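Keep in mind it's a predicted model, so treat the numbers as computed, not measured.
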Amino acid sequence: STLFNALSHSDTLAESKLFATLDPTTRRVTMPNKQEMLLTDTVGFIQKLPTTLVAAFRATLEELQQADVLLHVVDLTHPRAAEQAQTVEDLLRELGLEEKPTIMVANKIDLLVPPGAGEAAALDLELQARQDLGAGKEVLAVSAVRGWGLYRLMEVITAKVGDELKGITVRIPYTATTLVNLFRQYGYVTRQTFDEAGTVIRGKIPARLEPRFHGYRVRK
């Protein structure tokens, strides 16, 4: 599952490192239920992007169409956090992604609590963060540096992806191993066996990939 990380950067960064934020990074992450997902930091968002880079920026974001869940990460300490968050939401709407399952992640909550305060005190800011950002979407408060709220975020991601997964049993011929790899990469395998006709896999796959396996379904 591919995830969207939209970070807001300063105008100084936009001037000195125009291309640094356009390089996506993908890592394989094991979730609390042991399912592996692909986490992609797609692009660092620059509010005042030079017109010469607008096309490249939008082209980078087009891959979000393939995502199962989007993560919109906001620097909660930024004085214009709400404005920046709204700009990202507007852009997602322009790309036709407003209905995509999205979690708004309010980062750096450790900087908004008194010195010595723990995670519980920081998480109390979540309701305020939801109000400040004016988001109709789900908002989770975290601290990437301290690790606060990250396990809970992973649980929420897992639940949202699970809502988008469809249960299926397929028999894939040995001549179509690419489909086996596709199932393993993006789906969740609960059982795998082999017979004379091919590889039999039972599990769940993203709804968007279900048509690829339609001709290989095992009828009960």
Side-chain angles (χ1 to χ4, degrees), residues 1-9 20-33 35-47 57-78 80-112 119 122-123 125-127 129-165 185-186 188 206-208:
S1 300
T2 311
L3 305 170
F4 173 41
N5 179 358
L7 296 175
S8 297
H9 291 267
T21 58
L22 294 177
D23 297 328
T25 300
T26 300
R27 296 181 178 86
R28 187 176 297 275
V29 179
T30 301
M31 309 305 281
N33 67 347
Q35 180 181 1
E36 290 189 343
M37 297 186 184
L38 296 180
L39 176 65
T40 298
D41 184 354
T42 320
V43 63
F45 182 72
I46 301 174
Q47 193 164 22
F57 179 75
R58 292 179 67 91
T60 301
L61 291 183
E62 286 177 357
E63 69 181 70
L64 301 179
Q65 297 284 355
Q66 303 302 316
D68 295 312
V69 176
L70 307 182
L71 292 186
H72 175 185
V73 183
V74 181
D75 179 355
L76 198 57
T77 66
H78 197 286
R80 296 164 59 192
E83 178 184 346
Q84 292 177 337
Q86 186 59 54
T87 302
V88 173
E89 293 294 310
D90 291 343
L91 179 57
L92 292 178
R93 190 175 300 107
E94 291 178 18
L95 294 172
L97 298 171
E98 66 271 18
E99 299 301 324
K100 183 77 68 173
T102 303
I103 305 169
M104 184 172 286
V105 182
N107 191 26
K108 300 188 180 181
I109 55 172
D110 57 302
L111 300 180
L112 300 177
E119 181 175 359
L123 292 179
L125 298 174
E126 195 166 85
L127 179 59
R130 185 178 295 111
Q131 295 172 344
D132 291 345
L133 295 176
K137 299 182 183 295
E138 186 168 9
V139 177
L140 293 180
V142 306
S143 167
V145 172
R146 299 287 188 90
W148 294 349
L150 295 186
Y151 187 85
R152 185 171 60 117
L153 173 60
M154 294 173 69
E155 290 182 318
V156 172
I157 294 171
T158 301
K160 281 192 173 294
V161 172
D163 290 341
E164 298 298 313
L165 294 178
Q185 181 175 4
Y186 293 103
Y188 180 57
R208 61 184 171 80

Student check: side-chain heavy atoms of M31 and I157 closer than 4.5 Å: yes
Heavy-atom closest pair, residues R146 and D110: CG-CB, 3.8 Å
Distance (rounded to the nearest 0.5 Å) between L97 CG and H72 NE2: 12.5 Å
H78 side chain reached by K108 side chain, heavy atoms, under 4.5 Å: no
Heavy-atom side-chain contact between L70 and I103 under 4.5 Å: no
Side chain to side chain, V74 and M104, heavy atoms closer than 4.5 Å: yes
Smallest separation among heavy atoms of S143 and I109, with atom names: N-CG1, 3.9 Å
Donor-acceptor contact present, side-chain T87 to main-chain E83, <3.5 Å: yes
Nearest atoms (heavy-atom pairs only) where G149 meets V142: O-CG1, 3.8 Å
Atom of M154, atom of T30 and distance for their closest heavy-atom approach: CE-O, 3.3 Å
V69 side chain near T102 side chain, heavy-atom distance below 4.5 Å: no
Close side-chain approach of L92 and K100, heavy atoms under 4.5 Å: no
P32 versus E155, closest heavy-atom pair with distance: CG-CG, 3.9 Å
Side chain N107, main chain A144, donor-acceptor under 3.5 Å: yes
Counterpart residues, side chain to side chain contact (heavy atoms under 4.5 Å, CB included), relative to R27 (two or more places apart): T25
